Amino acid sequence: MNSLNIQIRPVTPPDVPAISALAREIWQATYPGIITQEQIDFMLEQRYGHERLYDDLEDADMWLDQAFHDGRRVGFAFSQLHAGEFKLDKLYIHPDVQRQGVGGQLIAHVAARAAKLGYPCVILAVNKRNDKAIASYRKYGFAVRDSIVDDIGHGFVMDDFVMEKKL
Ligand SMILES: CC(C)(COP(=O)(O)OP(=O)(O)OC[C@H]1O[C@@H](n2cnc3c(N)ncnc32)[C@H](O)[C@@H]1OP(=O)(O)O)[C@@H](O)C(=O)NCCC(=O)NCCS
């Protein structure tokens with residue numbers, strides 16, 4: 001299947017409200033059944049609150065990329081340096097355009113950046129029950145490296161696989 005034609009652009013401060021709203025829309029389509037609504041609301045506020053996103057944009061070790069198709073914002077990928085490694089920290093594609101190669105193109109974009117900076121691999125963490133995402137990461141060359149349970153406060157944990165794609 002041909003991939004959807006997308007443009008990838010850096011997120012800028014005026015994009016913050018739209019990124020935050022897009023995250024909520026995609027999370028609500030993804031995580032019910034995987035984590036509780038309370039945890040979804042907590043994590044959205046913690047990670048996609050406007051102030052948090054403005055702070056991320058100021059962080060020299062973070063890259064926030066967004067994808068557009070026909071002028072419509074359809075997804076985003078955030079990457080960062082994390083404990084000396086290059087991490088794909090967030091990858092979210094609108095349900096209307098999932099499984100049309102947008103995620104693959106954003107992964108390639110992020111992997112090219114990591115390679116250019118000299119990192120040997122890209123890592124990520126994915127919920128162990130997020131089967132579709134795990135399948136897509138495998139398709140793009142990631143393999144499970146570790147299994148972690150991370151306490152994120154307020155009684156919530158992240159029960160994740162750490163996956164790694166060698167460059
Ligand atoms: C996971 C995600 C980022 C993949 O991006 P995408 O643009 O949909 O994926 P691509 O088209 O590049 O790759 C397709 C592969 O992803 C997997 N996949 C994506 N959507 C799927 C679905 N609905 N059912 C089954 N597999 C799916 C498959 O492995 C598929 O390969 P195939 O079509 O050859 O079987 C995207 O579907 C998404 O945002 N999902 C919801 C949010 C999420 O879980 N994000 C990851 C958090 S760690």
Side-chain angles (χ1 to χ4, degrees), residues 1-9 11 15 18-37 39-49 52-53 56 62-83 85-114 121-152 156-165 167:
M1 190 190 72
N2 285 334
S3 283
L4 219 59
N5 184 27
I6 59 163
Q7 292 81 45
I8 300 175
R9 293 184 219 145
V11 175
D15 300 315
I19 291 287
S20 183
L22 180 60
R24 174 164 288 280
E25 201 179 344
I26 302 172
W27 274 57
Q28 284 303 149
T30 304
Y31 287 119
I34 295 181
I35 54 177
T36 63
Q37 186 61 46
Q39 183 163 353
I40 291 171
D41 292 339
F42 173 77
M43 292 182 72
L44 280 171
E45 181 53 36
Q46 196 186 48
R47 291 151 179 247
Y48 299 96
R52 170 63 195 266
L53 291 174
D56 287 350
M62 284 191 74
W63 295 265
L64 285 67
D65 298 303
Q66 55 184 339
F68 290 84
H69 171 67
D70 274 350
R72 176 186 170 200
R73 184 183 286 98
V74 291
F76 58 88
F78 295 1
S79 47
Q80 63 176 177
L81 303 186
H82 175 81
E85 293 195 282
F86 197 94
K87 182 178 184 187
L88 172 58
D89 187 51
K90 300 176 172 68
L91 179 64
Y92 288 92
I93 313 302
H94 193 281
D96 289 354
V97 300
Q98 285 175 13
R99 222 171 183 174
Q100 297 178 65
V102 178
Q105 291 176 73
L106 282 167
I107 288 171
H109 186 78
V110 166
R113 175 182 293 132
C121 62
V122 176
I123 62 162
L124 59 81
V126 56
N127 188 291
K128 286 170 192 160
R129 297 168 67 193
N130 193 350
D131 298 329
K132 292 176 197 166
I134 292 168
S136 81
Y137 293 138
R138 286 192 194 285
K139 174 172 172 168
Y140 293 115
F142 286 85
V144 172
R145 174 175 99 175
D146 210 352
S147 167
I148 55 170
V149 179
D150 224 359
D151 188 336
I152 56 168
F156 301 122
V157 295
M158 281 173 28
D159 190 13
D160 286 350
F161 288 129
V162 176
M163 300 183 79
E164 173 185 292
K165 172 186 169 67
L167 298 173

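Indexing begins at 1, ligand by ligand and atom by atom, following the structure's order. Predicted model only: the values in this text are computed from it and were never measured.
Using a 4.0 Å cut-off to heavy atoms of Gln100, the atoms of ligand 1 that qualify are 11 (O). With ligand atoms numbered from 1 in the order given, ligand 1 contributes 1 (C), 44 (O), 46 (C) to contacts under 4.0 Å with heavy atoms of Ala133. Within ligand 1, counting atoms from 1 as listed, the ones closer than 4.0 Å to a heavy atom of Gly104 are 12 (O). Within ligand 1, the atoms closer than 4.0 Å to a non-hydrogen atom of Tyr140 are 10 (P), 12 (O), 13 (O), numbered from 1 in the order shown. Here is the list of ligand 1 atoms found below 4.0 Å of a heavy atom in Tyr137: 46 (C), 47 (C), 48 (S). Residue contact check: Ala135 has heavy atoms under 4.0 Å from atoms 29 (O) of ligand 1.
At a heavy-atom distance under 4.0 Å, only side-chain atoms of Tyr31, from C-beta outward, approach ligand 1. Contact annotation: for Leu91 versus ligand 1, heavy atoms closer than 4.0 Å belong to both the backbone and the side chain. Neither the backbone nor the side chain of Lys90 has any atom closer than 4.0 Å to an atom of ligand 1 (non-hydrogen atoms only). At a 4.0 Å heavy-atom cut-off, ligand 1 touches Ile93 through backbone and side chain alike.
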Tell me, with the steps shown, if Arg47 and Lys90 meet side chain to side chain contact (heavy atoms under 4.5 Å, CB included).
CA-CA 10 Å; Arg47 291 151 179 247; Lys90 300 176 172 68; 4.0 Å; yes

Using the side chain to side chain contact (heavy atoms under 4.5 Å, CB included) rule, take Phe142 and Ile107 through it: C-alpha gap first, then chi angles, then the decisive distance, then the call.
CA-CA 10 Å; Phe142 286 85; Ile107 288 171; 3.9 Å; yes

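For atom 21 (C) of ligand 1, the nearest non-hydrogen atom from the set Arg99, Arg138, Lys139, Gln105 comes from Arg99.
Sorted by first then second residue, the salt bridge (charged side-chain N to carboxylate O under 4.0 Å, His left out) pairs that include residues 123-146, not counting sequence neighbours, are Glu85-Arg145, Lys128-Asp159, Arg145-Glu164.
Nearest heavy atoms, Ile19 versus Leu53: CG2-CD1, 4.1 Å.
In this structure, Arg9 forms a cation-pi arrangement with Phe68, its terminal cationic atom sitting closer than 6.0 Å to the ring centre and no more than 45° off the ring axis.
Counting non-hydrogen atoms of other residues, nucleotides and ligands closer than 6.0 Å to NE2 of His94 gives a total above 12.
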Validation: residues 27-36 side-chain donor-acceptor distances under 3.5 Å, sequence neighbours left out:
| from | atom 1 | to | atom 2 | distance (Å) |
| --- | --- | --- | --- | --- |
| Gln28 | OE1 | Gln37 | NE2 | 2.7 |
| Gln28 | NE2 | Gln37 | OE1 | 3.2 |
| Thr30 | OG1 | Ile26 | O | 2.7 |
| Tyr31 | OH | Tyr92 | OH | 2.8 |
| Thr36 | OG1 | Gln39 | N | 3.1 |

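In summary, of the residues considered (Leu22, Ile6, Asp15, Leu106), a side-chain contact (heavy atoms from CB on, under 4.5 Å) with Gln66 occurs for Asp15 alone.
In terms of polar-atom proximity, Gly103 is counted as a contact of ligand 1, with an N or O under 3.5 Å from an N or O of the ligand.
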